[in-house]
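In what follows, a single structure is set out as structure tokens and then discussed.
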Amino acid sequence: MASKPHGPAWKRVCDLARATNGSEAGNGKAARQFFETHLRPYAVLAGDGNASGMITGYYEPLLRGSRHLSKGFEQPVRGVPDDLLTIDLSAVFPELKDKRVRGRLEGNKVVPYWSRAEISARGEKLPLKTLLYVDNAVELFFLQVQGSGRVKLPDGSMVRLNYADQNGHPYQSIGRVLVERGELKLEEASMQGIQAWARANPSRLDDLLNTNPSYVFFRETPNSKDGPVGALGVPLTAERSIAVDPRSIPLGAPVFLATTRPNSAQAMNRLMLAQDTGGAIKGAVRADFFWGFGKEAGEQAGRMKQSGRMWLLLPPEAAPK
């Protein structure tokens, strides 16, 4: 964060944190006192002044897969295509800071990159590497939504996958599509509800998935016991990391979150760290809560669609004007 606005203020607080004695760091009271002494909370508001927003959940799924195309393992996990272009518009138009578009060359013209349906239809004709093949199309779709995951191979070894890039098309919720089509009720449009619909309608699954033109490409990362690496470049911590819109919340900043547990009115108020971003995470009072790895984390994440409030913790010198 040293290179960001108010870098010296953050450096001062981080230096103080590094100097904190190890025994003190493990003491909840001392940790609380540190944050209360050196940082100030500022309520995050939407552009219309609303203090409440949506808090969803995500997790690191486990899939079954193979290095080779074979019966039962037929769903490809794609690497980044060689012909995918990323254009930084701010290099030409400074007012479009952080705006990037993705596309491909057709002759001497830049055109949008292929949509999900087009990528699926073109298959191996695309100039890309297929990293793995997994056994379930809807689980692969949710892997793309989550942005990272692990794949267990037939020999028992584990491969870790992380978000590498995206085709540039906007994300479209397939749960919302099912609700609009009358296939699911709004309260049924959770990850679990969509999975149940997919099991009951295998012949219609491709059509549903293709209503979301967005497509995520992956890269393999070293396997470890740590969480997946988020947009900040550090491993995520279960139930302490959130994905945010970095136009409103600076990555690396502490955020106090006040929400409720999934499908519940039970309060969940805790200090989080903004360590990730997501294609569907847009707006100031908007966060995606990282639940961790595996089935139980997935069950929590799939049900989470709660209202919440957020307070950004800042050094006094970085107070908003």
Side-chain angles (χ1 to χ4, degrees), residues 54 56 58 61 75-132 134 137-149 161-177 180 194 205-221 228-233 243-249 251 274-284 286-288:
M54 185 189 298
T56 51
Y58 70 121
Q75 303 297 325
V77 181
R78 311 283 193 186
V80 180
D82 294 335
D83 62 344
L84 178 66
L85 300 176
T86 301
I87 303 165
D88 186 353
L89 295 178
S90 65
V92 182
F93 305 102
E95 66 273 18
L96 297 178
K97 183 183 178 183
D98 298 326
K99 293 290 184 182
R100 294 179 175 85
V101 296
R102 291 168 176 82
R104 59 186 177 84
L105 279 177
E106 200 169 83
N108 62 354
K109 184 180 179 181
V110 177
V111 298
Y113 201 75
W114 307 111
S115 68
R116 172 181 294 275
E118 291 166 331
I119 290 171
S120 298
R122 290 178 174 272
E124 303 302 328
K125 295 178 182 178
L126 290 171
L128 48 67
K129 179 183 178 182
T130 299
L131 305 177
L132 299 164
V134 296
V138 75
E139 294 297 334
L140 174 57
F141 179 88
F142 282 120
L143 172 68
Q144 294 191 334
V145 173
Q146 305 306 315
S148 63
L161 298 171
N162 224 60
Y163 173 95
D165 215 327
Q166 188 257 0
N167 65 344
H169 289 262
Y171 171 78
Q172 167 70 49
S173 167
I174 61 172
R176 184 177 300 166
V177 170
E180 290 172 351
I194 295 169
L205 181 58
D206 284 345
D207 172 67
L208 173 67
L209 298 182
N210 287 336
T211 62
N212 172 36
S214 173
Y215 194 95
V216 170
F217 304 105
F218 290 94
R219 58 186 173 87
E220 288 190 39
T221 58
V229 175
L232 186 62
V244 297
D245 186 339
R247 295 173 299 181
S248 302
I249 307 291
L251 284 177
Q275 296 181 318
D276 206 1
T277 60
I281 312 304
K282 303 295 183 188
R286 177 75 174 92
D288 215 10

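The first residue of the sequence shown is numbered 1, and numbering continues consecutively from there.
- Among all heavy-atom pairs drawn from P61 and L143, the shortest one is CG-CD1, 4.0 Å.
- Put simply, the side chain of D288 never gets that close to the backbone of I281: no donor and acceptor are under 3.5 Å apart.
- Residues P76 and L140 share a closest heavy-atom pair of O-CD2, 3.3 Å.
- Take A121 and apply the side-chain contact (heavy atoms from CB on, under 4.5 Å) test, not counting sequence neighbours, and it matches no residue.
- Under the side-chain contact (heavy atoms from CB on, under 4.5 Å) criterion, E118 pairs with W114, S115, sequence neighbours left out.
- In this structure R122 satisfies the salt bridge (charged side-chain N to carboxylate O under 4.0 Å, His left out) test with no other residue, sequence neighbours excluded.
- No side-chain heavy atom of K129 sits under 4.5 Å from any side-chain heavy atom of D82.
- Residues V134 and E139 have side chains not in contact (no heavy-atom distance under 4.5 Å, counting atoms from C-beta outward).
- If you take CG on L209 and CD1 on I194, they are separated by 9.5 Å, rounding to the nearest 0.5 Å.
- Under the rule for a salt bridge (charged side-chain N to carboxylate O under 4.0 Å, His left out), the partners of R104 that lie at least two apart in sequence or sit in another chain are E106.
- Applying the side-chain contact (heavy atoms from CB on, under 4.5 Å) rule to L232 yields the partners V234, L251, Q275; only residues at least two apart in sequence or on another chain are considered.
- Considering only residues two or more places apart in sequence or on other chains, N212 meets the side-chain hydrogen bond (donor to acceptor under 3.5 Å, both in side chains) condition with none of them.
- Applying the side-chain hydrogen bond (donor to acceptor under 3.5 Å, both in side chains) criterion to E220, with sequence neighbours excluded, gives R67.
- Here Q75 pairs with nothing under the side-chain hydrogen bond (donor to acceptor under 3.5 Å, both in side chains) rule; sequence neighbours left out.
- The salt bridge (charged side-chain N to carboxylate O under 4.0 Å, His left out) test applied to D245 returns R247, not counting sequence neighbours.
- Residues satisfying the side-chain hydrogen bond (donor to acceptor under 3.5 Å, both in side chains) criterion with R78, sequence neighbours excluded, are E124, T130.
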> Step by step, would you call Q172 with R116 a side-chain hydrogen bond (donor to acceptor under 3.5 Å, both in side chains)?
Replying inline: CA-CA 11 Å; Q172 167 70 49; R116 172 181 294 275; over 6 Å; no

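- With rounding to the nearest 0.5 Å, the separation of CZ in R219 from CG in D165 is 10.5 Å.
- Across L208 and I174, no two heavy atoms sit closer than the pair O-CG2, 3.7 Å.
- For K282, the NZ atom counts as densely surrounded, since its 6.0 Å shell holds more than 12 non-hydrogen atoms of other residues, nucleotides or ligands.
- Residues satisfying the ring-ring contact (aromatic ring centres under 6.0 Å, His included) criterion with Y215, sequence neighbours excluded, are F217.
- Between the CZ atom in F141 and the CG atom in D206 there is a gap of 12.0 Å [rounded to 0.5 Å].
- When all heavy atoms of P213 and P170 are compared, the closest pair comes out as CG-O, 3.5 Å.
- Taking each heavy atom of A231 and D276 in turn, the nearest pair found is N-OD1, 2.9 Å.
- Tested against Y113, the residues N167, T86, D83 include a single side-chain hydrogen bond (donor to acceptor under 3.5 Å, both in side chains) partner, D83.
- Heavy atoms only, all atoms of each residue included: A164 and V80 are closest at CB-CG2, 3.5 Å.
- Residues that satisfy the salt bridge (charged side-chain N to carboxylate O under 4.0 Å, His left out) test with D207, not counting sequence neighbours, are R181.
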